[in-house]
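Attaching a single structure in structure tokens format; questions to follow.
Naming convention: chains lettered A, B, ... in sequence-line order (proteins, then strands); numbering from 1 in each chain.
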Amino acid sequence: RYEPLLSEKDGKEVDPGEGSVLPDDLTRDSLELPELSEPELARHYTRLSQMNWSVEAGPYPLGSCTMKYNPSFTDVVAADPNAAVHPDRDPATVQGNLELLHGLQGYLADIGGMDAVTLQPPAGAAGEFAGITVAKAYHEANGDDRSEVIVPASAHGTNFATAAMAGYDVVELPSDEDGRVDVEALEAAVSEDTAALMLTNPNTVGLFERDIEEIATVVHDAGGLLYYDGANLNALLGRARPGDMGFDIMHYNVHKTFATPHGGGGPGAGPVGVTGELAEFLPRPQVREAPDGDGYELFDPERSVGKVHGFLGNWLVLVRAYAYIHRLGDQGLLDASAKAVLNANYLAERVEFDVPYGPFHHEFAATSGDRDAADVAKRMLDYGVHPPTTKWPEMVPEAMLTEPTEAESKSSLDDLAAAFNAAAADSVEELETAPSKTTARRIDQADAARNPRLSWQALGESPDDS
Amino acid sequence: RYEPLLSEKDGKEVDPGEGSVLPDDLTRDSLELPELSEPELARHYTRLSQMNWSVEAGPYPLGSCTMKYNPSFTDVVAADPNAAVHPDRDPATVQGNLELLHGLQGYLADIGGMDAVTLQPPAGAAGEFAGITVAKAYHEANGDDRSEVIVPASAHGTNFATAAMAGYDVVELPSDEDGRVDVEALEAAVSEDTAALMLTNPNTVGLFERDIEEIATVVHDAGGLLYYDGANLNALLGRARPGDMGFDIMHYNVHKTFATPHGGGGPGAGPVGVTGELAEFLPRPQVREAPDGDGYELFDPERSVGKVHGFLGNWLVLVRAYAYIHRLGDQGLLDASAKAVLNANYLAERVEFDVPYGPFHHEFAATSGDRDAADVAKRMLDYGVHPPTTKWPEMVPEAMLTEPTEAESKSSLDDLAAAFNAAAADSVEELETAPSKTTARRIDQADAARNPRLSWQALGESPDDS
Amino acid sequence: MSGRSEGTPFAPHTAETTAEMLAAVGVDEEAELFDIPDAVAFDGEFGIPARSEREVIGDLRDTFARNDDLTEFLGRGHYGHYVPALVDDLSSRSEFLTSYTQYQPEITQGFLQALFEYQSMLVELTGLPVANCSMYDAATALAEAALLADRVRSTSGETVLVPEDLRDGKRSTLDNYVDGSSLSVATYPYDDGVVDLDALRDRVDDDVCYVYAENPTVTGAIEENLATVGDVAADNDALFCVGSDVVALGLLREPASAGADVVVGEAGALGLPTAYGMGLGLFACREEYLRQVPGRLVGAGEDAAGMRAYTLTLQTREQHIRKERATSNICTNQAWVALRTAMHVAMLGASGLADLAEDCVRNARDLAADLDDLDGVTAPLHDRHHFREFAVGVDDAPAVAAGLRERGYAVHVLDDGTLQVCVTDLNAGERDGLVAAFAEVTDR
Amino acid sequence: MSGRSEGTPFAPHTAETTAEMLAAVGVDEEAELFDIPDAVAFDGEFGIPARSEREVIGDLRDTFARNDDLTEFLGRGHYGHYVPALVDDLSSRSEFLTSYTQYQPEITQGFLQALFEYQSMLVELTGLPVANCSMYDAATALAEAALLADRVRSTSGETVLVPEDLRDGKRSTLDNYVDGSSLSVATYPYDDGVVDLDALRDRVDDDVCYVYAENPTVTGAIEENLATVGDVAADNDALFCVGSDVVALGLLREPASAGADVVVGEAGALGLPTAYGMGLGLFACREEYLRQVPGRLVGAGEDAAGMRAYTLTLQTREQHIRKERATSNICTNQAWVALRTAMHVAMLGASGLADLAEDCVRNARDLAADLDDLDGVTAPLHDRHHFREFAVGVDDAPAVAAGLRERGYAVHVLDDGTLQVCVTDLNAGERDGLVAAFAEVTDR
């Protein structure tokens with residue numbers, strides 16, 4: 001179903017300078033925007049919403065994205081008007097907000113086995129950047145000039161990009177044949193140039209790095225730090241903690257592990273936890289109890305790296321994450337990882353495509369073999385589900401990385417498996433021409449990239465002038 | 001798209017008596033209900049919502065229903081936790097609620113040209129019942145034994161049913177050839193038995209009763225009262241008032257005229273306004289300013305008919321109606337009727353079916369001639385709009401009573417007209433087999449009525465066992 | 001919100017489209033379209049200024065802030081239970097909130113199914129096979145049941161029998177509803193908070209066509225002899241109507257097993273927050289009265305593709321078809337509240353609802369015990385099991401209530417020597433505070 | 001909510017289905033599925049009790065109630081404007097809120113179109129042809145623009161030039177972002193609140209690859225010589241980046257006309273309420289940098305049926321494809337805030353946005369005039385036009401701010417002799433109160 005662009009409905013051009021108290025040379029001569037009534041806008045966005053998949057529409061098993069159910073009650077706490085304050089308020093006048101931040105720092109530190117946590121990074125990748133920046137500051141403070149960050153080939157793309165952004169050379173580490181870190185290769189890779197190893201555990205095909213203690217020893221012995229990418233933390237809630245495994249730095253993806261809504265791409269939040277040794281390098285400000293025991297205060301860690309966000313990060317996301325942890329408690333967190341892992345293993349069992357490696361934690365990578373994984377995914381759309389992440393990680397050919405999360409029921413997993421299996425049985429032609437039951441048919445992304453039109457200004461007048 | 005019943009998903013049977021502190025003979029032995037998790041319920045109701053037309057989905061031109069846009073900001077005021085109080089609170093402790101009720105009584109009295117208003121009736125029909133009960137009390141107080149209520153043939157079914165419920169014989173009044181009240185027939189119908197004439201103005205084909213003064217004189221001369229059915233008040237906002245036309249009693253459909261959401265069938269509210277002479281008969285309690293000028297108080301009108309609702313009516317609806325009037329003000333109310341009437345006339349002009357009578361106010365009744373109006377309506381579903389009210393009023397054969405309201409834009413009205421006109425051009429077979437593009441195909445309502453199955457308990461086990 | 005618009009912000013017309021439409025209709029301005037004789041035209045003003053959305057919200061927030069902030073221990077037919085956020089979230093989806101009666105079932109299957117599910121839940125809770133999809137509230141449901149009795153009972157009886165203690169809102173509404181019929185209302189007394197069986201037997205004779213009993217009663221007492229009351233009604237061929245509410249029905253013996261022909265009551269106790277008396281009338285009855293039921297019914301049927309589909313059914317009972325011979329004049333009802341109630345029941349599930357109901361018994365018992373420990377306080381006043389609420393004997397009830405109010409609590413005053421308090425999950429946490437306030441106020 | 005469930009309420013498993021699934025997988029309990037060596041397994045407890053939804057909401061309500069209730073006249077990069085209820089209503093629809101990145105465009109056309117519309121609005125507002133669909137906030141957008149300069153400028157220059165007065169949050173974030181590159185940050189001074197052109201000319205040489213200027217500045221001054229600044233940058237082949245915000249862009253001359261190569265800033269000033277500093281980074285640039293843009297881009301294309309369709313495009317710039325050679329590491333972004341901002345802009349329309357922006361000038365002017373009338377108060381401190389906010393000279397700024405706080409107002413303290421106040425539609429109605437409080441506090 002087609003919904004015209006706002007610009008194809010009523011619009012208006014005004015001269016903002018006309019009648020302004022500002023001199024003419026400071027103001028624009030023209031502003032042209034859609035100009036629609038409230039009822040028309042209500043319908044526009046309602047229709048757009050009807051053309052969008054969501055967790056409340058059905059299973060959304062994007063591997064590494066942890067699309068779990070986002071509880072409605074967190075909308076209520078995020079909307080509390082008393083919390084809607086300006087970040088430059090005197091800390092003494094926003095004790096409620098500081099109390100929440102302090103509480104969340106504590107919850108996350110406990111859950112990750114870390115000593116100190118910053119809540120400032122506004123997303124997972126921003127958390128990686130903050131964490132690697134802390135590592136860099138640590139080495140620099142030690143007069144240690146290190147130039148490399150080691151990243152397993154199967155790692156999230158953000159790990160590579162973050163290390164590069166922070167100015168490091170990236171050393172890519174191959175997997176062993178079991179799909180895990182090849183410890184011998186790691187031993188060969190580490191050197192006095194090694195600033196850090198960035199690692200996800202369980203890794204991106206759902207395997208726990210059983211040699212984690214040995215890995216930690218290798219990295220630490222070389223003078224490097226061990227960085228934990230928290231994207232897969234949902235698998236370990238209450239059962240294992242990065243701090244206990246030897247990680248020095250970690251980020252948390254609260255929109256994954258702690259059920260804050262993904263909002264069509266964000267906002268998320270990427271708090272960073274560190275061991276005590278690194279706490280003095282964390283971004284400023286941090287929250288602590290006031291020395292007189294009277295409330296909370298902000299302070300700048302002694303050798304802080306400074307800031308990674310203009311203010312205090314994605315507050316509304318942090319509030320929801322706190323509320324979620326506060327609601328579940330130990331018992332709920334433990335059960336979340338239990339059911340997330342059970343679901344992944346159950347679904348892996350039910351899917352008829354090959355599923356290499358194992359045993360799995362929260363996700364698994366099936367392979368579509370001689371079929372194109374992206375085509376299989378398009379076909380799954382016709383079966384009424386959202387497909388998995390495709391063609392990644394590369395260690396599994398034609399990978400379909402599948403993470404059902406704990407939010408799916410057995411019957412929902414059975415439906416998902418049926419969609420996989422139906423696509424497996426379909427002809428190549430059926431796959432290549434899919435989908436046919438969706439709002440839009442297969443979209444030519446290559447053409448869209450060759451001929452980029454990124455605004456309504458870049459389009460012609462008529463809706464079918466595409 | 002099919003969504004299973006809750007009972008076809010997970011359920012549970014428990015024995016509530018087990019472990020109860022109550023003796024066994026007071027408790028039930030079994031309670032069997034769906035038992036689903038929050039994520040499953042979120043999806044269930046999200047899917048059901050996706051199978052439902054609404055004002056925010058598109059035009060909803062049900063004649064006599066005034067499906068105008070329901071502004072979102074009224075959700076905010078209705079959710080104010082300070083207003084969520086118990087009706088038995090001491091009035092001195094709920095001055096805010098009383099202030100709102102008093103303000104709404106005043107707004108409605110002004111808009112209707114009435115002297116006093118009760119907000120208690122929880123719907124339009126309940127307002128009719130309250131109003132006719134007041135009329136009855138008035139006549140009884142005058143020692144006047146009257147047994148008949150006159151209702152035009154074109155009136156809403158509720159008018160007939162209300163009069164009967166109140167114990168009156170209904171005298172049906174034919175229309176004249178212009179579609180309005182036949183004054184001669186009225187003169188013939190009135191007598192010393194006439195308790196009231198119930199009238200809608202503009203009437204149910206959108207015609208203003210131009211002879212309203214004469215009509216009032218005829219009824220009043222016979223000792224009867226004139227009752228105004230407020231269903232069509234949206235056409236007159238700020239331009240004419242029932243009180244000025246000679247009506248003694250009226251109800252307001254706040255979910256129509258004042259934009260409160262219709263909620264799939266309700267709740268609405270049906271406040272009743274009366275002239276000063278009748279004020280002492282209104283339901284109890286009423287709200288007034290306290291004599292000492294200090295706030296508001298409840299009081300029972302001297303010869304009150306009593307109550308028509310267990311408490312104070314549909315509070316949350318009243319709050320929204322107040323907010324709407326408060327937002328629009330004189331200017332907005334005047335513009336609402338202007339645009340509602342313009343829209344009806346514009347659409348009547350664009351529709352290719354015959355449209356008898358005129359000039360129209362807020363609605364018009366097109367006729368599908370030798371086509372079945374219900375079939376035309378089903379075919380319109382395929383064109384993506386909600387059809388009008390069909391086969392009513394009977395004075396127009398195969399009527400399609402159409403009320404677009406002020407909330408539709410010109411382009412939306414053009415779409416609606418296109419749907420009418422496309423259906424007009426379709427074959428009878430296409431009409432009879434429509435709709436085909438909807439969630440459900442044509443539903444056999446006669447069969448459903450012959451073989452009533454009104455609960456999941458009345459169905460078999462499997463979803464297709466229908 | 002559009003910065004420079006005039007008139008209603010909720011009409012999408014621009015100056016240009018308005019002009020085009022006026023031209024199409026053949027007039028220069030909208031005013032020409034109104035066929036209102038000068039003599040009855042209104043050219044005055046209401047004097048209401050237009051306000052921004054923000055001003056309206058601010059004004060009403062200020063208004064409601066003038067309510068005193070009291071912890072309510074109030075019930076007597078209107079109950080506050082905690083409503084989960086998901087109920088607000090889902091029920092406020094515009095597809096539900098801004099739709100209307102399902103005259104076109106092919107595009108309203110969602111709401112129809114939800115109402116069908118609501119009906120089914122009431123069937124389970126009442127034990128009766130037919131439930132409609134809403135009355136306005138418990139009072140109007142009770143009154144409609146009396147009119148049903150008038151239609152379906154073959155006896156010549158014209159007396160409607162209700163408890164002396166019936167809440168005024170119900171009694172007065174009932175009086176009004178039956179005033180147009182040949183029925184008249186009479187009462188039977190209570191004995192220590194529940195039906196006085198002997199007195200009832202004395203009152204019931206051929207003239208009675210309807211007996212109404214509540215369980216729990218208006219003072220929260222659980223009726224111990226409901227089946228006996230039903231027998232008395234049945235023996236006289238009177239229709240037996242039981243009043244209850246959706247939470248109590250989750251624990252108490254289902255009324256059908258006590259012989260109820262009709263069950264009415266408040267269903268908004270779930271799904272609807274405390275709403276200044278707004279409600280949802282529950283209405284269920286025996287199959288044989290199906291074609292005499294007031295209000296809307298949703299039935300399952302089939303569409304042209306042979307798939308199960310839902311539709312409003314038996315509409316020939318209703319006013320828009322049958323006019324003065326309709327079973328009721330009801331049209332707009334409480335469908336959206338029914339949707340919310342169904343959502344809340346679904347969120348609780350069987351075990352959650354049973355637990356919530358059991359807590360209503362235990363909380364009342366515990367609060368009564370605490371109050372009874374105080375000098376000069378008798379709680380519960382009636383030696384019965386109670387559900388949610390109970391009467392409390394004190395020396396000077398208005399003075400005690402005033403003292404409690406000063407301390408932040410609202411309770412009912414029944415008469416000079418009697419209060420009533422109601423405890424639910426919403427205020428159970430404030431129990432100790434209430435007891436302490438009682439102690440202070442009565443310790444004189 | 002289900003009464004007797006254990007563990008997380010957000011997993012749908014029953015005892016029965018769990019057992020079936022365990023059996024299918026071939027284990028007796030979930031614990032067996034975890035492949036965690038004993039040495040690193042955690043068997044401790046966090047000591048967090050499970051709580052009901054209602055308890056959590058109550059706890060957090062209590063927590064937030066501990067914030068003081070002050071009327072804020074605060075800005076400096078984070079702005080509160082009234083957000084219409086419809087924005088909340090529509091953006092909180094679960095189809096938007098609970099979706100993620102549009103990896104499958106065929107079932108996410110709705111969000112893609114909304115983001116395409118957002119990009120288009122920014123194109124109109126900035127005058128630049130390319131806008132991405134979000135950065136985290138103004139600070140990270142500014143920093144990403146510097147990295148863009150590093151990639152796209154052919155000069156050997158490695159100096160990033162920013163105002164001395166740059167807000168610390170932006171400056172420090174910028175420092176961190178460029179720390180991994182060869183860039184270094186230097187500053188140029190202001191003269192009476194805006195760019196000191198002479199000083200700027202002195203500083204700009206071949207070593208400069210990036211000049212950043214704000215309009216309005218951090219103290220709300222409207223930059224009168226923006227085009228000249230742009231010329232200085234262009235003459236030295238430095239990338240010219242302008243910082244602004246989505247409201248100011250509705251009135252002030254579009255940055256492209258002053259030669260801006262990139263525009264960054266805060267777009268959450270519309271759509272997002274005051275949110276303790278959470279934001280939405282606006283990022284727009286010239287077409288020639290298209291393949292170097294950080295973040296997500298939505299483009300229009302065609303589907304197999306030849307219909308216009310939207311899709312994420314130029315993804316080869318991004319980390320999930322290009323890894324260490326990506327234009328940025330950003331993945332999760334602020335898409336939902338961008339959706340809200342687009343909704344808010346759409347509700348305002350051209351005229352509404354221009355009016356809102358004009359009010360930001362007038363309100364600031366009027367408040368400054370009122371304050372300037374007070375003895376010992378200079379407002380605005382800078383003799384410039386202002387947008388929303390301005391610096392205020394007083395004798396003892398911390399003491400004045402403390403006095404204002406006692407009277408219920410929050411303002412910025414810049415240094416011992418300078419305050420800053422910000423006025424928008426949200427607090428304009430409290431202007432007289434603020435002025436009266438200023439008068440009391442400064443009248444010593």
Exercise for review: Using non-hydrogen atoms and a 4.5 Å limit, figure out which bit of B/Y168 sits close to chain C: side chain, backbone, both or neither.
Suggested key: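 Nothing of B/Y168, per the 4.5 Å heavy-atom cut-off to chain C.
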
Review point. Are B/K307 and C/D168 close enough for a salt bridge, meaning some N to O gap below 4.0 Å?
Key: no

Practice item. Select one option (side chain, backbone, both, neither) describing which atoms of C/T108 are under 4.5 Å from chain B's heavy atoms. Key: both

Point to revise | Contacts of C/S172 that satisfy side-chain hydrogen bond (donor to acceptor under 3.5 Å, both in side chains) - sequence neighbours left out | key: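 B/R284.
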
Exercise for review: Would you mind checking which part of B/V170 comes under 4.5 Å of any heavy atom in chain C, side chain (CB onward), backbone (N, CA, C, O), both or neither?
Suggested key: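 B/V170 touches chain C through side-chain heavy atoms alone.
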
Exercise for review: Look at the rings of B/H255 and B/H262 and say which category their plane angle falls in: under 30° parallel, 30 to 60° tilted, over 60° perpendicular.
Suggested key: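 Taking B/H262 first and then B/H255, their aromatic rings stand perpendicular (interplane angle over 60°).
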
Review point. Is the side chain of B/S49 donor-acceptor paired with the backbone N or O of B/T46 at a distance under 3.5 Å, no angle test?
Key: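 Present.
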
**Study point:** B/Y45 versus chain C, the contacting section by heavy-atom distance below 4.5 Å
**Key:** both

Practice item. Fit a plane to each ring of B/Y322 and B/Y107, take the angle between them on a 0 to 90° scale, and name the class: parallel (under 30°), tilted (30 to 60°) or perpendicular (over 60°). Key: parallel

Exercise for review: Can you tell which part of C/E318 gets under 4.5 Å to a heavy atom of chain B, answering side chain, backbone, both or neither?
Suggested key: neither

Study note, to complete from the structure: Whatever's closer than 4.5 Å to a heavy atom in chain B on C/R61 counts as both

Point to revise | Portion of B/H86 that has a non-hydrogen atom of chain C nearer than 4.5 angstrom | key: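 It is both, since atoms from each part get that close.
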
**Study point:** Region of C/E106 that comes under 4.5 Å of a non-hydrogen atom in chain B
**Key:** both

Review point. For chain C, which of B/A458, B/G268, B/A259, B/A42 has the most heavy-atom pairs under 4.5 Å?
Key: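 Max contact count across the listed options: B/A42.
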
Check your understanding: Salt bridge check: are C/D179 and B/K136 linked by an N-O gap of less than 4.0 Å?
Key ->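 Yes, this pair counts.
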
Review point. By a 4.5 Å heavy-atom criterion (distance strictly below it), what part of B/M245 contacts chain C: side chain, backbone, both, or neither?
Key: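 When you check distances to chain C, atoms from both the backbone and side chain of B/M245 fall under 4.5 Å.
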
Exercise for review: Name the region of C/E30, side chain, backbone, both or neither, that has any atom closer than 4.5 Å to a heavy atom of chain B.
Suggested key: side chain

Study note, to complete from the structure: Cut-off 4.5 Å, heavy atoms of chain C, and the answer for B/E32 is both

**Study point:** Heavy-atom pair count under 4.5 Å with chain B, highest-scoring of C/Q109, C/R76, C/Q104
**Key:** C/Q104

Review point. Considering only heavy atoms, which portion of C/I107 lies under 4.5 Å from any heavy atom of chain B: side chain, backbone, both, or neither?
Key: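 Both parts, backbone and side chain.
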
**Study point:** Engaged part of B/T133 at the chain C interface, taking heavy atoms whose separation is under 4.5 Å
**Key:** side chain

Check your understanding: Which of the residues B/D330, B/N343, B/N314 is involved in the greatest number of heavy-atom pairs with chain C at under 4.5 angstrom?
Key -> B/D330

**Study point:** Region of B/P435 in contact with chain C, defined by heavy-atom distances below 4.5 Å
**Key:** side chain

Check your understanding: Closest heavy-atom contact between C/T98 and B/M67?
Key ->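 Heavy atoms only, the tightest pair is O-CE, 3.8 Å.
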
Practice item. Let me know if B/E349 has heavy atoms under 4.5 Å from chain C in its side chain, its backbone, both or neither. Key: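 Contact with chain C involves the side chain of B/E349 alone.
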
Review point. Under 3.5 Å, is there a donor-acceptor pair between the side chain of C/N333 and the main chain of C/A335?
Key: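 Yes; judged by distance alone, with no hydrogens or angles, the pair exists.
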
Revision key, fill the gap. Scored by heavy-atom pairs under 4.5 Å with chain C, the best of B/L41, B/D447, B/D444 is B/L41

Check your understanding: Who wins among C/G250, C/G26, C/G80, C/S92 for the most heavy-atom pairs under 4.5 Å with chain B?
Key ->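 The answer is C/G250.
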
Point to revise | Segment of C/A305 engaging chain B (4.5 angstrom heavy-atom cut-off) | key: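 It is both, since atoms from each part get that close.
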
Practice item. Find the one option among C/Y310, C/Y177, C/F116 whose heavy-atom pairs under 4.5 Å with chain B are most numerous. Key: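 Winner by heavy-atom pair count: C/F116.
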
**Study point:** B/K68, part contacting chain C, at a heavy-atom distance under 4.5 Å
**Key:** neither

Check your understanding: Could you state the interatomic distance from OH (C/Y276) to CG (B/N97), rounded to the nearest 0.5 Å?
Key ->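 One finds 5.0 Å between OH of C/Y276 and CG of B/N97.
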
**Study point:** Distance-minimising heavy-atom pair for C/G301 and B/A448
**Key:** CA-CB, 4.3 Å

Practice item. If the plane angle is over 60° it's perpendicular, under 30° parallel, otherwise tilted; pick one for B/H386 and B/Y60. Key: parallel

Review point. What's the shortest heavy-atom distance between C/A114 and C/L339, and which atoms?
Key: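 C/A114 and C/L339 have their closest heavy atoms at CB-CD1, 3.5 Å.
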
Review point. Is B/L334 close to B/R239 at the side-chain level, that is, under 4.5 Å between some pair of heavy atoms?
Key: yes

**Study point:** Contacting moiety of C/A346, where chain B heavy atoms sit under 4.5 Å
**Key:** both

Practice item. Measure B/L207 against the heavy atoms of chain C and call it side chain, backbone, both or neither at under 4.5 Å. Key: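 Neither; nothing under 4.5 Å.
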
Review point. C/T101 side chain to C/Y103 main-chain N or O, any donor-acceptor pair under 3.5 Å?
Key: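 Side chain of C/T101 to backbone of C/Y103, a donor-acceptor pair under 3.5 Å: no, none is there.
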
Exercise for review: Would you mind telling me which of C/R51, C/R322, C/R66 has the largest number of heavy-atom pairs within less than 4.5 Å of chain B?
Suggested key: C/R51

Check your understanding: Have C/N329 and B/T162 got a donor and an acceptor in their side chains that come within less than 3.5 Å?
Key -> yes

Point to revise | Leading residue by heavy atom contact count with chain C [cutoff under 4.5 Å; candidates B/A440, B/A166, B/G19, B/A123] | key: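 Heavy-atom pairs under 4.5 Å are most numerous for B/A440.
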
Practice item. Please state whether the side chain, the backbone, both or neither of C/R365 comes within less than 4.5 Å of a heavy atom of chain B. Key: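 Contact with chain B is through the side chain of C/R365 alone.
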
**Study point:** Under 4.5 Å from a heavy atom of chain B, the part of C/T63 involved
**Key:**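 C/T63 touches chain B through backbone and side-chain heavy atoms alike.
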
Point to revise | Test log, rule side chain to side chain donor-acceptor pair (under 3.5 Å), inputs B/E56 and B/S54 | key: CA-CA 5 Å; B/E56 293 196 11; B/S54 68; over 6 Å; no

Point to revise | Ionic contact status for B/R327 with C/E53, cut-off 4.0 Å | key: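 B/R327 and C/E53: not salt-bridged.
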
Check your understanding: Tell me, side chain or backbone of B/V76 under 4.5 Å from chain C's heavy atoms, or both, or neither?
Key -> side chain

**Study point:** Winner by heavy-atom pair count (cut-off under 4.5 Å) against chain C, out of B/T158, B/V317, B/I325
**Key:**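 Top count of heavy-atom pairs under 4.5 Å with chain C: B/T158.
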
Practice item. Check each atom of C/D88 against the heavy atoms of chain B and say whether the ones under 4.5 Å are side chain, backbone, both or neither. Key: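 No part of C/D88 comes within 4.5 Å of chain B.
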
Practice item. Taking atom CD of C/E45 as the centre, report whether more than 12 heavy atoms of other residues, nucleotides or ligands fall under 6.0 Å from it. Key: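 12 or below, so no.
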
Check your understanding: Between C/L251 and chain B, which part of the residue has a heavy atom less than 4.5 Å away: side chain, backbone, both or neither?
Key -> both

Check your understanding: Got a salt bridge between C/K170 and C/E266, using NZ or NE/NH1/NH2 to carboxylate O under 4.0 Å?
Key ->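 No salt bridge links C/K170 with C/E266.
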
Review point. Most heavy-atom pairs under 4.5 angstrom with chain C, which of B/L413, B/D80, B/L236?
Key: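 Counting heavy-atom pairs under 4.5 Å, the top option is B/D80.
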
Check your understanding: Is it the case that B/N52 and C/S99 place a side-chain donor and acceptor less than 3.5 Å from each other?
Key ->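 Side chains of B/N52 and C/S99: pair found under 3.5 Å.
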
Review point. Looking at C/A41, C/C133, C/S52, C/G279, which one has more heavy-atom pairs under 4.5 Å with chain B than the rest?
Key: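 Option with the greatest count: C/S52.
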
Check your understanding: What part of C/R167 is in contact with chain B, defined as an atom under 4.5 angstrom from a non-hydrogen atom: side chain, backbone, both or neither?
Key -> side chain

**Study point:** Top contributor to chain B interface from C/R253, C/R325, C/M343 [non-hydrogen pairs under 4.5 Å]
**Key:**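 With the most close heavy-atom pairs to chain B, the winner is C/R253.
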
Point to revise | Per-residue contact mode, C/T173 against chain B (heavy atom under 4.5 angstrom) | key: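 Contact with chain B: backbone and side chain both.
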
Practice item. For B/P452, check side chain to side chain contact (heavy atoms under 4.5 Å, CB included) against everything at least two apart and list the hits. Key: B/L454, C/L290, C/R291, C/L314

